[in-house]
Undergrad: 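Starting off with a structure, shown below.
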Protein chains: 2
Amino acid sequence: MAKIKPGKNTSKKEVIIKSASVLFRTRGFSAATMRELAEAVGVEAPSLYNHIGSKSEILQAICFKVANAFNDQLAAIETQQVNTISKLEHIIRFHIQMMMNYYDEVFVANHDWKHLEEPYLSNFLMQRRNYEKRLVAIMEEGIRKKECKNLNPFVVVLTMLSAVRGLEFWQRHKKNISVKVLEDDMVNQLLKGITAK
Amino acid sequence: MAKIKPGKNTSKKEVIIKSASVLFRTRGFSAATMRELAEAVGVEAPSLYNHIGSKSEILQAICFKVANAFNDQLAAIETQQVNTISKLEHIIRFHIQMMMNYYDEVFVANHDWKHLEEPYLSNFLMQRRNYEKRLVAIMEEGIRKKECKNLNPFVVVLTMLSAVRGLEFWQRHKKNISVKVLEDDMVNQLLKGITAK
DNA sequence: AAAAAAAACTAATAAGCGTTAGTTTTGTAA
DNA sequence: TTACAAAACTAACGCTTATTAGTTTTTTTT
């Protein structure tokens with residue numbers, strides 16, 4: 001019978017969480033069962049509880065891992081001494097890369113955060129709101145310095161965030177379009193539009 | 001005891017489906033229970049089955065109502081004798097309006113279609129793919145006629161679709177930003193970009 | 001090799017699920 | 001007012017859920 005095989009630096013808990021990310025993405029958190037997760041890991045369901053506390057705890061681990069990654073990267077970009085358009089470009093590219101490299105985790109964080117329990121739910125939502133506000137602040141600076149059009153900064157930021165989030169639908173076109181074309185064309189469209197001059 | 005109160009032209013089945021749209025949006029299809037739905041409608045759970053066949057049937061009704069609305073509108077736009085940018089603008093504005101007027105239904109169709117049962121699942125996905133292809137065809141024509149930049153049409157279309165889909169997050173900012181500003185700024189950004197000339 | 005710790009197993013629990021059966025109430029038409 | 005149909009009710013079924021208890025196997029440490 002198959003055992004949990006942790007790699008060099010991955011604990012069994014991390015293996016379970018990675019499997020759960022894939023399972024939760026495909027089935028959704030509520031529809032996914034611990035028995036399904038156990039089968040994916042290669043173990044009986046009760047054995048999972050030697051490594052994790054509960055189903056909900058797994059969701060917490062996934063959501064906050066993603067949230068932390070985005071927060072850390074934004075903090076780094078905020079301190080950069082470059083113009084606003086460059087900052088926005090960096091952010092867009094980072095979102096795209098997160099989507100490519102941590103597809104399952106980002107998807108789950110985007111879709112199933114509502115199933116977090118308190119106080120994790122409130123904490124997560126607070127972090128999201130804060131993230132949006134920091135992006136809006138960047139955009140507002142760009143407008144002030146006349147680098148950006150005078151559009152509603154909230155609209156711009158959420159349009160950008162939504163657009164990159166839409167990369168969820170891209171996994172199935174992954175083979176047809178290179179990541180470079182994807183990144184460049186998306187940055188181009190969001191920052192400069194699609195209308196020919 | 002409260003009864004199901006159908007309006008002039010709304011059957012009790014429609015009342016149930018509308019309540020289910022709100023419930024499924026807030027709780028997610030899998031997490032939502034028939035007992036919760038019954039309470040929202042003001043009835044005991046088994047009474048629902050005098051009007052609907054199953055929980056799954058409700059999801060089907062929601063998803064295909066939304067799919068039909070988008071398909072019909074796109075068909076109308078396709079026959080219009082206007083330039084490509086105008087067509088894309090119409091499509092974006094229609095998506096925004098659908099999001100504003102049928103928020104719950106569109107949200108559920110976007111999030112919970114994966115819980116449709118066969119053959120409805122395959123049918124729904126086929127319609128989605130077809131919809132995307134028709135949008136790509138419009139964008140390709142725009143590139144051919146030099147109305148649009150030579151960007152990857154798939155990237156452009158899915159960026160647009162994703163951006164308008166992101167209006168899901170907008171309900172909470174509804175009071176701060178008028179629909180007109182929202183529509184105009186979003187169209188402006190997606191078609192002409194945010195960078196100042 | 002023996003002892004201790006970690007992690008697997010089987011069995012079972014209480015709770016909640018969608019749904020059905022059977023009955024009673026309500027609304028409508030003759 | 002009586003007859004009929006629609007739609008509500010209560011009770012319950014069979015199934016699945018996450019999780020716990022108790023035991024055995026495997027791995028690690030001494």
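Throughout, protein chains are lettered first and strands after them, A, B, ... in sequence-line order, and every chain is numbered starting at 1.
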Undergrad: Could you state the CD-P distance from B:Glu44 to C:dC17, rounded to the nearest angstrom?
TA: 14 Å
Undergrad: Just to confirm, is there a sub-4.0 Å distance from OP1 or OP2 of C:dC9 to any side-chain nitrogen or oxygen of A:Ser47?
TA: yes
Undergrad: Check the surroundings of atom NE2 in B:His90: do more than 12 heavy atoms from other residues, nucleotides or ligands lie under 6.0 Å from it?
TA: no
Undergrad: How long is the line joining CD of A:Glu36 and C1' of D:dT17, in whole Å?
TA: 11 Å
Undergrad: Could you give the CG-to-P distance, from A:Asn50 to C:dT10, as a whole number of Å?
TA: 14 Å
Undergrad: Please check if atom CD in B:Glu39 has more than 12 non-hydrogen atoms from other residues, nucleotides or ligands closer than 6.0 Å.
TA: no
Undergrad: Could you tell me how far apart B:Lys13 (NZ) and D:dA7 (P) are, to the nearest whole angstrom?
TA: 12 Å
Undergrad: Choosing from C:dA8, D:dC9, C:dG18, which nucleotide comes nearest the side chain of B:Pro46?
TA: D:dC9
Undergrad: Give the rounded distance in Å between these two atoms: CG of B:Leu48 and P of D:dA7.
TA: 13 Å
Undergrad: Can you measure A:Tyr49 atom OH to C:dA12 atom C1' for me and round it to whole angstrom units?
TA: 15 Å
Undergrad: Within the pair A:His51 and C:dA6, is there a side-chain N or O less than 4.0 Å away from OP1 or OP2?
TA: no
Undergrad: Just compare D:dT19, C:dG18, C:dT19 and give me whichever is closest to any side-chain atom of B:Ser54.
TA: C:dT19
Undergrad: Measure from NZ on A:Lys55 to P on C:dA15 and round the result to the nearest Å.
TA: 19 Å
Undergrad: To the closest 0.5 Å, what do you measure between CD (B:Glu140) and NZ (B:Lys133)?
TA: 11.5 Å
Undergrad: Establish, yes or no, whether a centroid distance under 6.0 Å links the rings of A:Phe107 and A:Phe24.
TA: no
Undergrad: Taking CE from A:Met34 and P from C:dG16, how many angstroms apart are they, rounded to a whole number?
TA: 18 Å
Undergrad: Could a donor-acceptor pair under 3.5 angstrom be found where the side chain of B:Arg35 meets the base of C:dG16?
TA: no
Undergrad: Strictly under 6.0 Å, is that where the ring centroids of A:Phe29 and A:His111 end up?
TA: no
Undergrad: Applying a 4.0 Å non-hydrogen cut-off, can you work out what A:Ala32 is touching in the nucleic acid: base, sugar-phosphate, or nothing?
TA: sugar-phosphate
